[in-house]
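Written below as structure tokens is the structure these notes are about.
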Amino acid sequence: HTVRLPNAGGWRQARCRQRHRELTREEPPVWYELDADDRMVSVHGFASAELAAQFRQWADTAGIDWTVPPWQQQEPRAV
């Protein structure tokens, strides 16, 4: 089960890894692919669909605009 996030480099990478560890208590399996427009996409692997859904929900509500590169958005405050 995977969750694909565009523009997940920079400060966002640390946020993603932290959330993944909170959910799984493991070092996150993450790899990178190019999308159809040759933009880098991070792919986060999970052992279950439930964990992937929880991570996706976090990504959708974390205040991160995944449509822009990290250097174009100020890092939101951690909650």
Geometric cation-pi criterion R15 and W58, 6.0 Å radius, 45° cone:
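No, R15 does not sit over the ring of W58.
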Is the closest side-chain heavy-atom distance between C16 and L5 below 4.5 Å?
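Counting from C-beta outward, C16 and L5 do come under 4.5 Å.
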Test item: F46 and R56 side chains (from C-beta on) under 4.5 Å apart, heavy atoms:
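In short, these two side chains do not touch, never coming nearer than 4.5 Å.
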Give a yes or no answer on whether the side chain of H44 reaches the backbone of A52 with a donor-acceptor pair at less than 3.5 Å.
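Not confirmed, H44 side chain does not pair with A52 backbone.
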Do side-chain atoms of N7 reach the backbone of W66 as a donor and acceptor pair under 3.5 angstrom?
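The answer is yes, because a donor-acceptor pair under 3.5 Å joins these two groups.
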Where is the tightest heavy-atom contact between [X] and [Y], given as atom of each residue plus distance?
X	Y	result
S42	Y32	CB-CE2, 3.4 Å
Q73	V68	CB-CG2, 4.3 Å
P76	G63	CG-O, 3.4 Å
R21	E26	CG-O, 3.1 Å

Is the count of non-hydrogen atoms from other residues, nucleotides or ligands lying under 6.0 Å from [X] atom [atom1] greater than 12?
X	atom1	value
Q57	CD	no
Q72	CD	yes
E22	CD	yes

For side chain to side chain contact (heavy atoms under 4.5 Å, CB included), just list the numbers for L34 and M40, CA-CA rounded to whole Å, side-chain angles, deciding distance to a tenth of an Å, and then say yes or no.
CA-CA 5 Å; L34 294 176; M40 190 67 66; 4.1 Å; yes
Test side chain to side chain contact (heavy atoms under 4.5 Å, CB included) on R17 and E27 and set out the steps.
CA-CA 8 Å; R17 287 184 175 279; E27 191 61 29; 3.5 Å; yes
Sort out for me which residue in R25, H20, R19 forms a side-chain contact (heavy atoms from CB on, under 4.5 Å) with L23.
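It is R19; the other options fail the test.
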Distance, nearest 0.5 Å, that separates CH2 of W31 from OG1 of T2:
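OG1 of T2 is found 6.0 Å from CH2 of W31.
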